[in-house]
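Input: a single structure, listed below in structure tokens.
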Amino acid sequence: MSANQYDAIVIGAGHNGLVTAAYLGKAGLRTLVVEANERPGGAAVTREFAPGFKTSAVAHLLHALHPRVIRELGLEGHGLKPRQHAAGTTALLPGGGRIDISGDVAATAASIGKVSHADGEAWAPVMARLVRLSSALGDFLLKTPPSPAPGSNDFQTKLALGMFALKLRMLGKKDMLELSRILTINVADLANDFFESDAIKGLLSLEATLGVYLGPRSPNTVFNLLYRLSSFGKNGLGGFYLPAGGMGSVVEALVKAATAAGVTLRTGAPVEHLLIEKEIATGVVLKSGEEIRAPIVASSADPQRTLLHLVPPGNLDIEFSKRIRHLRMNGCVAKIHLAMDGLPEALKASGGRVVVAPSIDHVEHAFDDAKYGRVAEKPALEIVIPTLADPGLAPAGKHVLSMLFQYAPYRLRNTPPDQARAQVFERGLALLEEMAPGTRGLVRAAETLTPHDLETQFGLSGGQWHQGEVTLDQVFFLRPAASFQRYRMPVPGLWLCGAGVHPGGNVSGAAGANAAREILKDLKARKGGRVAA
């Protein structure tokens with residue numbers, strides 16, 4: 001086999017691309033990963049944003065990495081400690097109030113009870129039930145979606161549908177009816193059903209809308225909440241964690257696992273386009289002009305970037321292209337990184353994760369701005385202080401603060417991207433100063449990333465970090481498109497293995513693992529032989 005001939009090529013060294021490559025390498029395939037940036041990791045990379053200060057570039061909390069992926073790829077043996085630093089959630093409230101939520105049920109109830117005794121009593125049982133309901137979704141994170149095609153009756157489809165029906169039955173009649181009731185409603189109605197305080201309702205509103213272009217009164221936001229919670233049950237890590245070394249530690253373990261499996265990784269190797277010969281994908285052409293061939297090409301880039309930019313024109317059906325072009329990719333979250341000389345009093349005793357979303361109306365009004373193409377005047381915030389778990393990310397005595405700013409839409413009206421970036425920084429910092437006085441005076445350096453920056457720096461079309469919104473019409477057997485939900489694309493030899501396919505976003509590795517399984521299954525069927533698992 002020549003130096004430029006492989007069994008499989010994976011485009012993109014984000015976490016899903018590395019997962020796919022590691023599985024293929026373990027199965028004995030000579031696999032190459034090509035990455036456009038100078039280092040692997042994609043949106044999960046840890047990088048220095050100011051001299052001596054490092055943080056996770058986009059994804060900044062570990063909560064969804066699937067235990068089976070960790071086990072099968074031996075990631076703990078490669079240095080990953082996924083449950084080392086549990087992060088509690090602190091909700092900051094106007095006037096200096098706060099709620100602290102942790103794994104200590106009694107302490108959480110007492111903290112919420114300072115705002116509402118009824119909510120303090122209700123929190124644990126309500127959230128336990130929601131996590132239980134979310135397990136109906138969580139059990140299918142590492143399953144291939146069934147085919148919705150008319151007349152489809154293959155065994156895999158029947159098995160998947162049967163398992164889904166069985167899982168619903170196993171919830172019990174009461175929970176099954178409750179899941180049916182809440183799955184498509186909005187989170188504001190759900191919060192009003194169970195809680196009385198603005199503080200808890202606001203917290204749920206942010207949990208249900210973070211990363212999607214929806215407000216708390218938008219339909220389907222309960223589905224997004226359940227999707228997030230699906231990583232908290234038996235199929236997930238059970239909470240939020242701040243990994244030592246930042247999210248880049250996940251990538252480091254994946255690179256070691258892939259390398260141990262014989263995978264070759266090339267960084268600084270952007271793909272110009274796919275090689276298509278006789279309507280079959282046969283490799284890639286790099287921007288340098290170099291051709292690399294393989295009968296299997298798996299792209300962890302998003303569906304639009306892969307299918308509308310890397311596949312040469314004329315190789316896709318018009319209707320399919322239209323569906324991909326119309327995927328909702330309007331990123332709405334910006335990122336602010338602060339290099340801090342210290343922490344204000346309000347943040348010193350936080351659990352590591354801080355939320356500013358004091359009411360449903362606060363989050364809804366922020367979304368109202370986004371609907372009209374404006375950066376939110378008063379955003380909702382998710383803040384992580386990674387140096388509380390790993391002081392080595394900053395100079396001695398200093399801290400890093402990483403902030404998600406919801407909402408800052410990719411599609412802006414009358415606001416140039418540079419102006420939007422300035423607005424994000426100033427408005428985010430102003431709100432944090434209001435909730436945690438003294439913050440502004442401790443900031444020594446900062447970096448602001450808008451959805452436009454996420455697109456430019458990390459190749460995320462529309463700045464959408466989930467590679468397409470995770471909503472009912474863009475998940476399961478509709479992700480990325482009906483009849484093409486099993487990772488195999490219309491061009492033979494081309495597969496998708498990133499967050500743009502089932503089960504979607506989050507640093508879970510599930511999409512990469514699922515794609516690798518389907519690739520190996522197809523290879524075995526075509527060769528009529530045995531492929532190692």
Side-chain angles (χ1 to χ4, degrees), residues 11-12 14 16-17 20 137 140 143-152 154 156-157 160-161 183-184 211-214 218-220 223-224 227 271 273-274 276 279-281 297-332 409-411 451 454-455 459-506 510-512 514-515 518-519 522:
I11 300 173
N16 273 311
T20 298
L137 305 176
F140 288 88
K143 305 288 186 185
T144 298
S147 172
S152 177
D154 65 273
Q156 187 180 46
T157 293
L161 292 174
L183 193 61
T184 61
V212 293
Y213 191 67
L214 298 170
S218 303
N220 299 333
F223 170 79
N224 193 53
Y227 175 80
V271 174
H273 62 82
L274 268 65
I276 309 288
E279 301 182 336
I280 297 174
V297 178
S299 175
S300 66
D302 67 75
Q304 288 188 345
R305 186 167 296 271
T306 300
L307 297 163
L308 303 181
H309 298 286
L310 298 185
V311 174
N315 286 285
L316 296 172
D317 176 83
I318 293 175
E319 285 302 313
F320 177 79
S321 297
K322 181 179 178 182
R323 163 62 179 161
I324 298 301
R325 191 171 291 110
H326 289 168
L327 288 174
R328 291 195 306 283
M329 306 285 281
N330 188 16
C332 61
Y410 176 83
R411 295 189 182 93
L454 299 184
E455 181 178 64
L460 298 168
S461 296
Q464 224 309 324
W465 62 21
H466 292 313
Q467 296 192 0
E469 290 186 16
V470 182
T471 51
L472 276 172
D473 63 331
Q474 292 193 166
V475 294
F476 207 33
F477 55 74
L478 297 175
R479 191 172 185 91
S483 301
F484 294 98
Q485 78 288 4
R486 292 183 171 183
Y487 312 98
R488 184 202 311 263
M489 292 297 103
V491 178
L494 175 62
W495 304 76
L496 289 185
C497 63
V501 289
H502 174 76
N506 296 325
N514 291 348
E518 293 303 309
I519 291 169
D522 177 75

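Position 1 is the first residue of the sequence; numbering continues from there.
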Inset, instruction - Check the pair M489 / L496 against side chain to side chain contact (heavy atoms under 4.5 Å, CB included), numbers first and verdict last. - result: CA-CA 7 Å; M489 292 297 103; L496 289 185; 3.7 Å; yes
What pair of heavy atoms forms the shortest contact from [X] to [Y], and how long is it?
| X | Y | answer |
| --- | --- | --- |
| G498 | A511 | O-CB, 3.2 Å |
| C332 | G211 | SG-C, 4.3 Å |
| G500 | R479 | O-CG, 3.1 Å |
| A281 | G493 | CB-C, 4.0 Å |
| S321 | L316 | OG-CB, 3.4 Å |
| A298 | T20 | CB-CG2, 4.4 Å |

Output the distance between atom [atom1] ([X]) and atom [atom2] ([Y]), rounded to the nearest 0.5 Å.
| X | Y | atom1 | atom2 | value |
| --- | --- | --- | --- | --- |
| F320 | L307 | CZ | CG | 5.0 Å |
| N16 | N506 | CG | CG | 10.5 Å |
| L472 | N220 | CG | CG | 4.5 Å |

How would you list, by chain and number, every residue that makes a side-chain hydrogen bond (donor to acceptor under 3.5 Å, both in side chains) with [X], sequence neighbours excluded?
| X | result |
| --- | --- |
| N514 | Y487, R517 |
| D302 | S461 |
| E455 | Y410 |

Inset, instruction - Report the C-alpha separation of I276 and L494 in whole Å, then their side-chain angles, then the decisive distance to 0.1 Å, and conclude whether the side chain to side chain contact (heavy atoms under 4.5 Å, CB included) test is met. - result: CA-CA 10 Å; I276 309 288; L494 175 62; over 6 Å; no
Inset, instruction - For Y227, check ring-ring contact (aromatic ring centres under 6.0 Å, His included) against everything at least two apart and list the hits. - result: none
Legend entry - Pairing residues for Y213 by the ring-ring contact (aromatic ring centres under 6.0 Å, His included) criterion, not counting sequence neighbours: F367
[X]: partners by side-chain contact (heavy atoms from CB on, under 4.5 Å), with sequence neighbours left out:
| X | value |
| --- | --- |
| S300 | C497 |
| P219 | none |
| L214 | V212, S218, T221, T471 |

Legend entry - Minimum side-chain heavy-atom gap P492-E279 below 4.5 Å: no
Inset, instruction - Please tell me if the side chains of P480 and V501 come closer than 4.5 Å, counting only heavy atoms from C-beta onward. - result: yes
Legend entry - Partner set under salt bridge (Lys or Arg N to Asp or Glu O under 4.0 Å) for R488, not counting sequence neighbours: D522
Inset, instruction - Return the set of residues passing salt bridge (Lys or Arg N to Asp or Glu O under 4.0 Å) with R328 (not counting sequence neighbours), or none when no residue passes. - result: E469, D473
Inset, instruction - Mark yes or no for whether R411, through its side chain, and G462, through its backbone, hold a donor-acceptor pair below 3.5 Å. - result: no
Legend entry - Check: P146 main-chain N/O paired with Q485 side-chain donor or acceptor under 3.5 Å: yes
Inset, instruction - Would you mind listing every side-chain hydrogen bond (donor to acceptor under 3.5 Å, both in side chains) that reaches into residues 304-318, with sequence neighbours excluded? - result: S299-T306
Inset, instruction - Check the pair F476 / L137 against side chain to side chain contact (heavy atoms under 4.5 Å, CB included), numbers first and verdict last. - result: CA-CA 10 Å; F476 207 33; L137 305 176; over 6 Å; no
